[in-house]
Amino acid sequence: MTLKIYNTLTRRKETFISLEEGRLGIYVCGITAYDRCHIGHARSAVVFDVIVRFLRKSGFDVTFVRNFTDIDDKIINRAREEGISTEELAEREIAHFYEDMDALGVKRADIEPRATQHMTEIIALIERLIGKGYAYESGGDVYFSVRKFPDYGKLSGRDLEQLMAGARIMPGEKKVDPLDFTLWKGAKPGEPSWKSPWGKGRPGWHIECSAMSMKYLGETFDIHGGGLDLAFPHHENEIAQSEAATGKQFVRYWVHNGFVTIKGEKMSKSLGNFITIKDILSHYHPEALRLFLLSKHYRSPLDYSAESLREATSALDRCYKALFEAEEIISTPVKKQRPLPDHVKESEAFIKGLGERIQEAMSDDFNTAKALGHLFDAVRSLNRIIEASRKRPSALYREVLEGTMKEMVGASKLFGIVSQRPADYIEKRNLAALEASGLSLLTLKSLIEERNQARKEKDWTKADEIRDSLAQKGIVLKDTPSGTKWSADF
RNA sequence: GGCGGCGUAGCCAAGUGGCUAAGGCGACGGUCUGCAAAACCGUUAUUCCCCGGUUCGAAUCCGGGCGCCGCCUCCA
């Protein structure tokens, strides 16, 4: 199946062809380690996590690189505010990042390079640019001469004259041209610094990504990703640095994810309207967050609200509930070998095609929203099979349910959802509800017993009173043929 | 101001020239139930922001409006 990817560079959906057959390299800009991650970071992480899973599932041998920026102005300022070293701060925030990513089920990249561990490569790249006349040293700083790189602006679609209008030379900068950007910053007293041919200093933000991506993936590689806000100037500058140095195309496909907004506005550190991953996960299941983040196409803006997370939770519940019911039926012995109705066979065949439909949707520029729609179609079909097996049990359902469940759980792996055992998911929710209700399991059971006694005596008023009072505490009762069951209010 | 994107049901969201406009959340009716819950079945956009145009045919392409958002400064 051909894979189509929207390439920011060409502004078109293109057929993806890897540089080397069966293998590909992907580099995604990681975080600057100075603060906790918010949902915007979660979106980027989850989107590329799913993209990498999909590429691997499609048969590619993927090398996935995601960096950490562990030295820059923000880190220096924040460390100073907190009275700790930049290393301590970066170390702490990288640990926080892993904590969040592990909770979210985002897999580690194959290589996770840090800027401070690649000074040799960074300095070598800057020297190469100076040697070729694309960069110049000025009073301990090194700058890139934007005007010497004719392709500048090709990614973000701007020309130099437009950029001139907004360009300024900040106090303390020693640029020749306001458009030029920093490759190396001379150290001010008290700042962390590394030795270089231009004196002590530290790298600019853009050069580290060029140096590290090319080190691990080669001078030309397949995919470079990141948030849409990085397209300009960060990625534009990466192209300029890398292509000026090598004379080769830097990246073949540029993939940018859209923003998470809140009340329609971009969520960002600078606006202060962000919600951290940690905060969200204290209220919602990590898989509900993943489902929410994947519910819309990765390039579109995605508006966060508590309501949207609740909806995602309901949708996730729907998946788990269906699988849980299916497991229950499987574990209930049935002797009769009644033949299965045609509609059950149709549903079974339909579910068996799920993986293929998801593959197709994902092959069209990673259309997770469409793919998830297919998953929910399968949930409905599974529920139909469950319904039928409840009406007319047959031992033959066992194999049907096992096969369809396996297909659905297997397909969901791509999205990193439904990864728990359904019984565990349901039980965890139920126990949480029980705890929140303030009742003990014993009390709850005796209340259910009391109600069933009332039901036997057809004292509906009393039975309903008990049920209503439990419902108010978040415990829902269901009277099923196999007895009364309690659960959280899903 | 320059560049880019978006506007599909009550809400979220796929679909970007032709089969009944996916799916989720919610609401309503039915089956089940003592009544419920869950699940299933059905209903919930004769129409895709508005106005023109191209076409045998447009939510989808083109032109013009209106509205919203992003980038142009650090930001996933």
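Within every chain, numbering begins at 1; the chains are lettered A, B, ... in the order of the sequence lines, protein sequences first and strands thereafter.
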Item to check | Any-strand Watson-Crick or G-U partner of rC6(B), both distances under 3.5 Å | outcome: rG67(B)

Checklist entry - Mind checking whether Phe292(A) and Tyr284(A) have ring centres under 6.0 Å apart? => result no

Next on the checklist: Restricting to side chain to side chain contact (heavy atoms under 4.5 Å, CB included), what partner residues turn up for Phe350(A), sequence neighbours left out?
Outcome noted: Arg357(A), Asp377(A), Ser381(A)

Next on the checklist: Expressed as a whole number of angstroms, how long is the span from Leu163(A):CG to rC72(B):P?
Outcome noted: 11 Å

Checklist entry - Which pairs pass salt bridge (Lys or Arg N to Asp or Glu O under 4.0 Å) with one or both residues in residues 253-281 of chain A, sequence neighbours excluded? => result Asp229(A)-Lys266(A)

Item to check | Validation row, ring centre Phe64(A) to ring centre Tyr27(A) under 6.0 Å | outcome: no

Checklist entry - According to the side chain to side chain donor-acceptor pair (under 3.5 Å) rule, which pairs have a member within residues 308-320 of chain A, sequence neighbours left out? => result Glu287(A)-Tyr320(A), Ser305(A)-Ser308(A), Glu307(A)-Arg310(A), Asp317(A)-Tyr425(A), Asp317(A)-Arg429(A)

Next on the checklist: For RNA chain B, which residues of residues 419-432 of chain A approach it to below 4.0 angstrom with any heavy atom?
Outcome noted: none

Item to check | Sugar-phosphate or base contact per nucleotide [nucleotides 27-37 of chain B; S, B, -; heavy atom under 4.0 Å] | outcome: -------BBBB

Checklist outcome for this item: Sorted by chain and residue number, the salt bridge (charged side-chain N to carboxylate O under 4.0 Å, His left out) partners of Glu93(A) (sequence neighbours excluded) come out as none

Checklist entry - Sequence neighbours excluded, which residues qualify as side chain to side chain contact (heavy atoms under 4.5 Å, CB included) partners of Val176(A)? => result Tyr136(A), Asp180(A)

Item to check | Nucleic acid contacts of residues 371-384 of chain A, taken as heavy-atom distances under 4.0 Å to RNA chain B | outcome: Gly373(A), Phe376(A), Asp377(A), Arg380(A), Asn383(A), Arg384(A)

Next on the checklist: For nucleotides 3-17 of chain B, give me one character per nucleotide, 5' to 3': B if any protein heavy atom sits under 4.0 Å from the base, S if the only such contacts are to the sugar-phosphate, - if neither.
Outcome noted: S-------B-SSS--

Report, one line per pair, each donor and acceptor closer than 3.5 Å where one atom sits in a side chain of residues 468-478 of chain A; sequence neighbours left out.
{"from": "Ser469(A)", "atom 1": "OG", "to": "Ile466(A)", "atom 2": "O", "distance (Å)": "3.0"}

Next on the checklist: Checking Ala411(A) now: which residues fulfil side chain to side chain contact (heavy atoms under 4.5 Å, CB included) with it, not counting sequence neighbours?
Outcome noted: Leu354(A), Ile358(A)

Checklist entry - If you measure from the Lys or Arg side-chain nitrogens to the Asp or Glu carboxylate oxygens, is any gap between Glu449(A) and Lys445(A) under 4.0 Å? => result no

Checklist outcome for this item: Comparing nearest nucleotides in RNA chain B, the 5'-proximal residue of the pair Ile386(A), Ser44(A) is Ile386(A)

Item to check | Interatomic distance at C1', rG10(B) relative to rC66(B), whole Å | outcome: 23 Å

Next on the checklist: If the condition is side chain to side chain contact (heavy atoms under 4.5 Å, CB included), which residues does Lys345(A) pass it with, not counting sequence neighbours?
Outcome noted: Leu340(A)

Next on the checklist: By the 4.0 Å heavy-atom rule, please label Phe259(A) as base, sugar-phosphate, or nothing.
Outcome noted: base

Next on the checklist: Output the rounded distance in Å from CZ (Phe232(A)) to C1' (rG2(B)).
Outcome noted: 12 Å

Checklist entry - Under 6.0 Å from the six-membered ring centre of Phe48(A) and within 45° of its axis: does the NZ or CZ of Arg66(A) meet both? => result no

Item to check | Spacing between Tyr27(A) atom OH and rA76(B) atom P, to the nearest angstrom | outcome: 13 Å

